[in-house]
There are 2 protein chains.
Amino acid sequence: MAVSTGEGVTIRDVAARAGVSIATVSRVLRGNIPVSEPTKERVLTVVSELGYRPSVLGRSLAEGRHAANGIVFPDLSGPYYAEVVLGYEEAAGELGRSVLILSTHGRDAAPEMVRELARRVDGMVVLGRTVSDEVVQEIAARGLPIVLLARSAAGEVDSVNAENVASAIRLTEHLIDHGHRTFAVVGGAESSPDTMERWAGVRTALLRAGLTPPAEPVPAGLREEEGTRVAEDLLVAGVPDAVVCANDELALGVITGLRAAGIDVPGQVAVTGWDDVMAARYAGLTTVRQPMRELGVRAARMLDLRIRGDAGPARHEVLPTNLVVRNSCGRHEPPDLDRR
Amino acid sequence: MAVSTGEGVTIRDVAARAGVSIATVSRVLRGNIPVSEPTKERVLTVVSELGYRPSVLGRSLAEGRHAANGIVFPDLSGPYYAEVVLGYEEAAGELGRSVLILSTHGRDAAPEMVRELARRVDGMVVLGRTVSDEVVQEIAARGLPIVLLARSAAGEVDSVNAENVASAIRLTEHLIDHGHRTFAVVGGAESSPDTMERWAGVRTALLRAGLTPPAEPVPAGLREEEGTRVAEDLLVAGVPDAVVCANDELALGVITGLRAAGIDVPGQVAVTGWDDVMAARYAGLTTVRQPMRELGVRAARMLDLRIRGDAGPARHEVLPTNLVVRNSCGRHEPPDLDRR
DNA sequence: CCAGGTCTTGTAACCGGTATCAGATACCGG
DNA sequence: CCGGTATCTGATACCGGTTACAAGACCTGG
């Protein structure tokens, strides 16, 4: 009979009750070394009687691995990181690995928290600029597989990124086609390598068209409130033809701010975002969609390869993105509100 | 000099180099048992020379605890779960605990995955109806602290919930004030205890007003596409005055579907959601806001108490929610687009 | 000068598994 | 009937920590 739910039952209990040594129990359970049929059966019977399940800790200590992956991200607010993490968890789960998450929230203790995480996993994904390159290098040098996501590759470390430059060029060309001539770019800056690439794309397209790119991005956090604040600043500094924002939340905030001041969007100013979050559809925001979930999935698979011992030079994957044209960049005929 | 980055350095290496026993090293590092000043200093010197950091696995095995919490949720898509998880991670992090996540995705293997998670943590939060009560009870019976979130309390288990009934009554009364008389409720059903409570509230308010509540909710998953599908069904079955949806995504889908068929929302039909996601603001959706992040924080704290050995009867926290009136329930003067 | 107490430290037994090595048993052909 | 070889299995040394127990050094008061 099942004596208990299995809590506290150790391999020694099973061995004693089955009249075998712990080594034999281990062999039966792992299945990698042959055990005679009658013995195997006896052990399995006892295992199910006692509800025995090997301790994860004991096994991990003996095998020297955790069967767990980590992922570090700045924050989960906004759909972007949440989707990436979800894709990551799903893929990692299918590969039989648990997932430890760590959100840095820009805390000062972030490097120490990341190091701590590194001691609990067999490999980890670092999302965006959550910790410095030094910390990443230090951990990688220790032999822990790392995959960088949405972050320029540092040294010999694998990375997964969404395509930024080409999409930014397409987006900017579209705006130019609408007749827009003066541009502002908002948000991002060095804290986010992704946005730097986008701004480079915008710059390239403008120069190609013989237009003057903005000197530098208007500083702003990647949140709605920041967008409305920036809108007010733009009203004072002079409103450009087009405002290209680092992400959708920011763009939506800018639109709200401009409209509150009586400015017609897109009549007087075009505004664009990045990511294609759900609210972007309802606000008619022109934006660029990136395969958020897929980014997480790819990172998980890439990491798994390394954990399984795959060597070789660093790999860098770049996933394609899509320009999604809606109304906020200027009216089209007929107004296009679908998801494209 | 620092010989290495600390990888592979064990307590025995430190002990040997400092000329003491491993017990002494352990004592110095834990600080719970006095060690003479000169010895302590010598040990600490070696520790920093070698960059020694105790193994998480070794320590956990010896102490019989993981210093990690788990959280189980159905999915991360949509802001609701993401925000809850984020709040949870933040609070747990401050309490010095790592966070393991598990998304069930409605997989058949979910119970087994949850059991596996349970073997890796000191306690866990179960969100919504991800696994059956039996599994929850089984794990709780094993002595593992569990907190249920957004799920009716099963037996003697702690729980955190957002208030549902009173808000549903307020929402319904508001719709009745608008003059709506026939109602449909969409989505949820038994798979989500939260929605059952909401429907009970709707029912109560309708009965109080002498109106006939809908026999049962229109079945639908909690996603936009499901909403547009339901809208089509409603067109055939006859459109009610008001459609109360289980969450915002669903409501937005319904609105899209109805408008595509030429129905005026809110002119001909009122539609409401639940959660107050970002898109709800841009779509002018009347909804109920729940403190998603705070739910996660409370669950983490409650769990931590239990892990620290706090006994006593099961606790149940209920957090307040807010009715957020916008346009989708009927025109107000002046149209109210703010967040309220 | 000695019994008894305090401080400090080392020894070794855990925690719960895995894996190596060697011994026991059964089977084989010569 | 015997040595040699597979096949199974047990004993035990790990993995890297924590901690109970005991012992040695030193100090104190009677």
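In what follows, every chain begins at residue 1, and chains take the letters A, B, ... in the order their sequences are listed.
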Just report the end-to-end axis angle for the helix from C:dC1-D:dG30 to C:dG30-D:dC1, five pairs per end, to 10 degrees. 60°

What closest approach, in Å, do [X] and [Y] show between heavy atoms, and which atom pair accounts for it?
X: B:Ala91; Y: B:Ala300; value: CB-CB, 3.6 Å
X: B:Asp122; Y: B:His66; value: OD1-N, 2.7 Å
X: B:Val121; Y: B:Gly70; value: CG1-N, 3.6 Å

For every nucleotide of nucleotides 23-28 of chain D, 5' to 3': is a protein heavy atom under 4.0 Å from its base (B), only from its sugar-phosphate (S), or from neither (-)? ------

Mark up nucleotides 7-22 of chain C, 5' to 3', with B wherever a protein heavy atom is under 4.0 angstrom from a base atom, S wherever such an atom reaches only the sugar-phosphate, and - elsewhere. -SBBB---BBBBBB--

Would you please name every residue forming a salt bridge (Lys or Arg N to Asp or Glu O under 4.0 Å) with A:Arg12, sequence neighbours left out? none

What donor-acceptor contacts under 3.5 angstrom involve side-chain atoms of residues 304-311 of chain A, with partners at least two apart or in another chain?
residue: A:Asp304; atom: OD2; partner: A:Arg308; partner atom: NE; Å: 2.6
residue: A:Asp304; atom: OD2; partner: A:Arg308; partner atom: NH2; Å: 3.2
residue: A:Arg306; atom: NE; partner: A:Asp158; partner atom: OD2; Å: 2.6
residue: A:Arg306; atom: NH1; partner: A:Asp310; partner atom: O; Å: 3.3
residue: A:Arg306; atom: NH1; partner: A:Asp310; partner atom: OD2; Å: 3.4
residue: A:Arg306; atom: NH1; partner: A:Ala311; partner atom: O; Å: 2.7
residue: A:Arg306; atom: NH1; partner: A:Gly312; partner atom: O; Å: 3.3
residue: A:Arg306; atom: NH2; partner: A:Asp158; partner atom: OD1; Å: 2.9
residue: A:Arg306; atom: NH2; partner: A:Asp158; partner atom: OD2; Å: 3.4
residue: A:Arg306; atom: NH2; partner: A:Pro313; partner atom: O; Å: 2.9
residue: A:Asp310; atom: OD2; partner: A:Arg315; partner atom: NH2; Å: 2.3

Do any side-chain atoms of residues 34-42 of chain A form donor-acceptor pairs under 3.5 angstrom with protein atoms, and if so which ones, sequence neighbours left out?
residue: A:Ser36; atom: OG; partner: A:Thr39; partner atom: OG1; Å: 2.8
residue: A:Arg42; atom: NH1; partner: A:Ala18; partner atom: O; Å: 2.5

Just checking, is any N or O donor in the side chain of B:His316 or B:Ser159 under 3.5 Å from an acceptor N or O on the other one?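 On atom types as modelled, these side chains qualify, holding a pair under 3.5 Å.
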
Going through the checks in order, is the side chain to side chain contact (heavy atoms under 4.5 Å, CB included) test met by A:Glu90 and A:Arg293? CA-CA 9 Å; A:Glu90 189 163 1; A:Arg293 194 134 171 171; 3.1 Å; yes

CD1/A:Ile139 to CG/A:Leu117 distance, rounded to the nearest 0.5 angstrom?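 The distance works out to 8.0 Å.
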
Near B:Asp108 CG, under 6.0 Å, is it more than 12 heavy atoms from other residues, nucleotides or ligands?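 Check fails, neighbour count at 12 or below.
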
